[in-house]
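Reading through the structure tokens given below for one structure.
Protein chains get the first letters and strands the later ones, always in sequence-line order, with residue 1 at the start of each. Computed from heavy atoms alone, side chains included, the values below leave out hydrogens, waters and symmetry copies.
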Protein chains: 2
Amino acid sequence: MKDIARHAGVSQSAVSFALNGRPGVSDVTRDRVRRVAEQLGWRPSTAARALSGEGAATVGLVLARPADTLGVDSFFLQLVSGIQEVLAERHLGLLFQMAEDIADECAVYRRWWAEHRVDGVLVVDPRTDDPRPDLLDELGLPAVVIGGPPDERHLGLSTVWADDAGAMASVVDGLHALGHRRIVHIAGLPGLAHTERRIRTLRAEAGRRGLTEVESVTTDYSDAEGAAVTRRVLEGPTPPTALIYDNDVMAVAGAAAAAELGFSVPADVSVVSWEDSALCRMVKPWLSALSRDSVEFGRTAARELTALVDGGSARAVRVPVPRLIERGSTGVVRGA
Amino acid sequence: MKDIARHAGVSQSAVSFALNGRPGVSDVTRDRVRRVAEQLGWRPSTAARALSGEGAATVGLVLARPADTLGVDSFFLQLVSGIQEVLAERHLGLLFQMAEDIADECAVYRRWWAEHRVDGVLVVDPRTDDPRPDLLDELGLPAVVIGGPPDERHLGLSTVWADDAGAMASVVDGLHALGHRRIVHIAGLPGLAHTERRIRTLRAEAGRRGLTEVESVTTDYSDAEGAAVTRRVLEGPTPPTALIYDNDVMAVAGAAAAAELGFSVPADVSVVSWEDSALCRMVKPWLSALSRDSVEFGRTAARELTALVDGGSARAVRVPVPRLIERGSTGVVRGA
DNA sequence: CAGTCAACCTAATGCGTATTAGCCACTAAT
DNA sequence: ATTAGTGGCTAATACGCATTAGGTTGACTG
């Protein structure tokens, strides 16, 4: 800015006013300054900006998954892609960090806050009994919880969520209509909020219909556990006729395991994946899956966070309920 | 620091000396200051640090892939996981950005550089005729090219690479020993450096053995193109007996396509995937794959970048050649 | 006992930006 | 004709840290 001021023959303050659209300089001076700045390829130093109270122009995202459980995943990159799209427009940076566990993640938030490194954070994989909302509220760090249930207890936190309960109800509806009475839900990690929500809803829906042979089993989302649980339940005395998997990886692995045991999909057992991706179309038959727009999910979350950072008030935004794409893996119960 | 100074009864300078291990304060004072800092939960403001010449304590990574070609991927997250591990130790942040294309990516580097936002960058997906090394050299931004060939032309750039040529040679060796003479290589994106390297090596190896029915076909890495190319070559007059896929997604899709056409794997056609992941064990038979330690790859790259940022000189580091894991998808040629 | 030096500390400055206070010339209003 | 107001600018300050230049004390030396 010193250089620009010199070239344009004005003071640094005038340059600042001109470039930030503040009053205090004439239009001709403003234009001149802008041209010089352009020509010199000037960009404000984020450090200096941050130091003079403008915030860090950065939001944070930490992913707390141990490195070894990091498998094939399409959701996360798509989510980030959507987030980026919105952040890039506003020239906001995304600081990304991986953590070993939630405690580690909290430490990262604390550090970021103390270092004034981020203006806000995006929180993923909300849990039941999650310490993060409390912490972020305490720190006064604007945050958007992605995938969590609406949270009225924390006034600084926005929430972006899909109605898992509604989706689960519609899946059960569909399977029930096809004649399925014995359903097993191969769920994800036990501590996650949406896992518990789906399990609860499934139980409620089953109760409403008087279905007694419906259960949920939690896993670590891996193909190995997905296959193992599938084998276990199919080898039981009264095998289920429908399997609902909480992600695509387990669904594919589970379908393969079922085939190995001699169960034909969908004649003997129907399979539904709670995540749609290319994976679901790599096996025969193609898997029926709940599809959602993960990129748009990311966009929405980022938009909420920027609103919050700009001083807006927190709110809960609902994204469309995932839609069931019927493919070849679901059908009427044999003999029904 | 003002608060700490007040609490400890010394000047701000003394606090700075004490906390940064500089001489100029007695040991007792140093301890006292440190205790106070600890108690107050002090962390240096990155903005202020950066402003006073310490660098941004951040490195950048931009991924230039259009959002819609973002498919199932295990490599990238693992790479980032390794990168993080090293960066986190040194309390360096990772600024992540997605870009539409290489030009966009270059613009991001320019902006980051002008804004003093990063101390260095990690460059992925190097291309033949890549504009990025020139740009980064010109900007004087320390950089590590991940997966590129050693580059002596740019003195500020380190390179971390695996010997694709060696790996390709060993794969061809293996297939040749099994009796394969007609091999098709379903390659990745045409502009990428490693794609071209593998293609060149395959041609050279074929030439050395007098194999005339060996070819490479470039794709966009998607399951759709992987399957399409597979169908096309298998339906030709003299179908190949071995297929080498540049990633796991195409390998799986290709194997499925082959099966649909009535080709049995590996009796009629052998399949090798140039990327190992859970995917390769989700299909029957399990796919033989080239396995590499992507996490370690990331660690190495991050280590090189930190060395460079610390003022070290550029160099080319070779990571181990990917190893072929023989599973059920490769075998002797029928009738051999 | 004055002089020298080292140890320990404080004061002052700079980094690049935004902002606030102040200054000057000129116009409009009383 | 004086005053109040205003547009257009400059000077000065703050932000939080690192660093450099001083300054004070006490011990040690000749």
Side-chain angles (χ1 to χ4, degrees), chain A residues 1-34 36-38 40-58 91-93 111-119 309-311, chain B residues 1-34 36-38 40-58 91 93 111-119 310-311:
Chain A
M1 281 176 62
K2 205 185 291 180
D3 288 348
I4 299 175
R6 195 151 30 78
H7 278 87
V10 292
S11 71
Q12 283 190 40
S13 322
V15 173
S16 178
F17 294 150
L19 296 175
N20 295 314
R22 291 285 147 93
V25 287
S26 65
D27 287 350
V28 285
T29 307
R30 192 183 299 277
D31 281 355
R32 184 156 37 95
V33 168
R34 283 198 170 140
V36 175
E38 172 84 16
L40 264 54
W42 175 86
R43 293 247 84 207
S45 149
T46 42
R49 267 238 154 97
L51 197 55
S52 48
E54 292 295 284
T58 306
H91 289 251
L92 289 173
R111 195 152 51 72
W112 280 352
W113 171 81
E115 292 176 347
H116 298 280
R117 233 176 193 295
V118 296
D119 299 329
V309 167
D310 287 347
Chain B
M1 280 176 63
K2 204 186 290 180
D3 288 348
I4 300 176
R6 196 151 31 76
H7 278 86
V10 292
S11 71
Q12 282 190 44
S13 323
V15 173
S16 178
F17 294 150
L19 296 175
N20 293 315
R22 291 285 148 92
V25 287
S26 65
D27 287 350
V28 286
T29 307
R30 192 183 299 276
D31 280 356
R32 184 154 39 94
V33 168
R34 283 198 169 142
V36 175
E38 172 84 16
L40 264 53
W42 176 86
R43 292 248 83 208
S45 148
T46 43
R49 268 241 154 93
L51 199 54
S52 48
E54 294 293 284
T58 306
H91 289 251
R111 197 153 49 74
W112 280 352
W113 171 81
E115 292 176 346
H116 299 281
R117 232 175 193 297
V118 296
D119 299 328
D310 287 347

Sort out for me which residue in A:Ile4, A:Val25, A:Val33 forms a side-chain contact (heavy atoms from CB on, under 4.5 Å) with A:Val10.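 It is A:Val33, the one option of A:Ile4, A:Val25, A:Val33 that forms the side-chain contact (heavy atoms from CB on, under 4.5 Å) with A:Val10.
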Minimum-distance nucleotide (side-chain atoms of [X] versus [options]):
X: A:Thr29; options: D:dC9, C:dT19, C:dT17; answer: D:dC9
X: B:Phe17; options: D:dA18, C:dT10, D:dG16; answer: C:dT10
X: A:Ala14; options: C:dC9, D:dT10, D:dA18; answer: D:dT10
X: B:Glu54; options: C:dA18, D:dT19, C:dG16; answer: D:dT19

N or O in side chain of [X] less than 4.0 angstrom from [N] OP1/OP2:
X: A:Arg49; N: C:dG16; answer: no
X: A:Trp42; N: C:dT17; answer: yes
X: B:Arg22; N: D:dA18; answer: no
X: B:Ser11; N: C:dT10; answer: yes
X: A:Ser16; N: C:dA18; answer: yes

To the nearest Å, how far apart are [X] [atom1] and [N] [atom2]?
X: B:His116; N: C:dT17; atom1: NE2; atom2: C1'; value: 12 Å
X: A:Lys2; N: D:dT10; atom1: NZ; atom2: P; value: 16 Å
X: A:Asp31; N: D:dG8; atom1: CG; atom2: P; value: 13 Å
X: A:Met1; N: C:dC15; atom1: CE; atom2: P; value: 14 Å
X: B:Arg6; N: C:dT10; atom1: CZ; atom2: P; value: 15 Å
X: B:Gln12; N: D:dT20; atom1: CD; atom2: C1'; value: 15 Å
X: B:Asp3; N: D:dC15; atom1: CG; atom2: P; value: 12 Å

Which residue lies more 5' along DNA chain C, comparing B:Asp27 with B:Leu51 via nearest heavy atoms: B:Asp27
Looking at B:Arg22 and B:Ala14, would you say the former's side chain and the latter's main chain have a donor-acceptor pair under 3.5 Å?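 Such a contact is absent between B:Arg22 side chain and B:Ala14 backbone.
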Would you confirm whether B:Arg43, through its side chain, and A:Trp113, through its main-chain N or O, come within 3.5 Å as a donor-acceptor pair? no
For [X], answer base if it contacts any base atom (sugar-phosphate contacts may also be present), sugar-phosphate if it contacts only those atoms, and nothing otherwise; contact means non-hydrogen atoms under 4.0 Å.
X: A:Gly53; answer: nothing
X: B:Ser13; answer: base
X: A:Arg43; answer: sugar-phosphate

Got a donor-acceptor pair under 3.5 Å from the side chain of A:Ser52 to the base of D:dA14? no
OG1-CG distance between B:Thr46 and B:Leu51, expressed to the nearest 0.5 angstrom: 11.0 Å
On a heavy-atom basis, which atom in B:Asp119 and which in B:Ala57 lie closest, and how many Å separate them? OD2-N, 2.8 Å
A:Pro23 and A:Arg30 have their tightest heavy-atom pair at CA-NH2, 4.1 Å
